[in-house]
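Reviewing the structure listed below.
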Amino acid sequence: MTIAISTHFAFQLDQPTDALLQFEVAALPEQSVLEAKTNVSATEHFARVGAHDDIGERIWLRAEGLIEVEYQATIEPRRIVTDISSLSRIAPHRMPGEAVQYLFDSRYCQADMFQNFVHEEFAGTEGGARIEAISQWLATKFSYVPGSSNASTDAAESFVSRQGICRDYAHVLVTLARASTIPARYVACYAPGVTPQDFHAVAEVFLENPQNEDGGAWHLIDATGMADPTQTAKIGVGRDAADVSFLTSFGPNTFLSCSVDVRPV
């Protein structure tokens, strides 16, 4: 299925400021960018650089005044989806370097403090079955409540409050997976069916590759249940939300507006 994406956001810089943007869909074997157009207000400096794990691109800006960003794209996801619960865990000593970094704590995902919890709550499960159990736990214990968290809310705070938005669901899933010695990373994406429609966040976990018994693969999973992995367009990945923010300003800024529309074509 092909999906159409239309994004617009605006922010104000009252003095010359550097800003890093990441909002364009990444060109990957699992998803084709059929058509894309990006328009950004005039800036002093504009440059593209590779993003985390070389998935997608970031845009460096140096600018002052009103900055408006418009992005339109047509994407064809071609992702092969496997039943997560049937996949085996990869032994830590067999994990490649790209996966090892996603076992460690990060700014929003303090996995070490949850090791006892996952061993007790999800006893008897491992690998994909453990991830499925974590997802079901989130579905029953958490409430999706827009406005219940902010940019500083971490997984521990979300765990206590038992509520949040897609960002918080992804952080908790990533944290509990890492506490289970399963590499997990945060994924910024677009997907139809997300309510309210906005930039979306899901997780990826590193488990066995059904097409290659000797290797592992990353598998998408949305703890909110809103995004279908076969219709999801990845923007970028990272240890947590800090690595894939659509706007990171290295100076004061006033965020003015944002609209995102994603629909099947």
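No side-chain heavy atom of Asp240 sits less than 4.5 Å from a side-chain heavy atom of Val174. Taking 4.5 Å as the limit, some side-chain heavy atom of Pro210 sits within range of a side-chain heavy atom of His219. Considering only heavy atoms from C-beta on, Asp168 stays 4.5 Å or farther from Phe142 through its side chain. You'll find the side chain of Arg239 reaches within 4.5 Å of the side chain of Tyr102, heavy atoms only. The side-chain heavy atoms of Glu70 and Lys37, taken from C-beta on, include no pair separated by under 4.5 Å.
Counting only distance, with no hydrogens or angles, the side chain of Glu208 and the backbone of Ser88 share a donor-acceptor pair below 3.5 Å.
Between the side chains of Arg79 and Thr232, not a single donor N or O lies within less than 3.5 Å of an accepting N or O. Glu30 and Trp218 share no donor-acceptor pair across their side chains, judged by distance under 3.5 Å alone. Between the side chains of Arg89 and Ser180, no donor N or O sits under 3.5 Å from an acceptor N or O. A donor-acceptor pair shorter than 3.5 Å cannot be found between the side chains of Ser106 and Tyr186.
Looking at Arg185 and Asp243, no side-chain N of the basic residue comes within less than 4.0 Å of a carboxylate O on the acidic one, giving no salt bridge. Remark: Lys141 does not engage Glu121 in a salt bridge, criterion side-chain N to carboxylate O under 4.0 Å.
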Checklist line | Residue pair Asp222, His200: steps toward the side chain to side chain contact (heavy atoms under 4.5 Å, CB included) verdict | finding: CA-CA 10 Å; Asp222 182 7; His200 195 49; 3.0 Å; yes

Next item on the list: Under the side chain to side chain contact (heavy atoms under 4.5 Å, CB included) rule, what do Asp154 and His171 come out as? Steps first, then yes or no, please.
Entry: CA-CA 7 Å; Asp154 61 24; His171 279 158; over 6 Å; no

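Remark: Arg162 qualifies as a cation-pi partner of Phe159 under the 6.0 Å distance and 45° angle criteria applied to the six-membered ring.
The side-chain contact (heavy atoms from CB on, under 4.5 Å) search around Ala139 returns none, not counting sequence neighbours.
Between Phe11 and Phe9, the ring-plane angle classifies as parallel under the 30° and 60° cut-offs.
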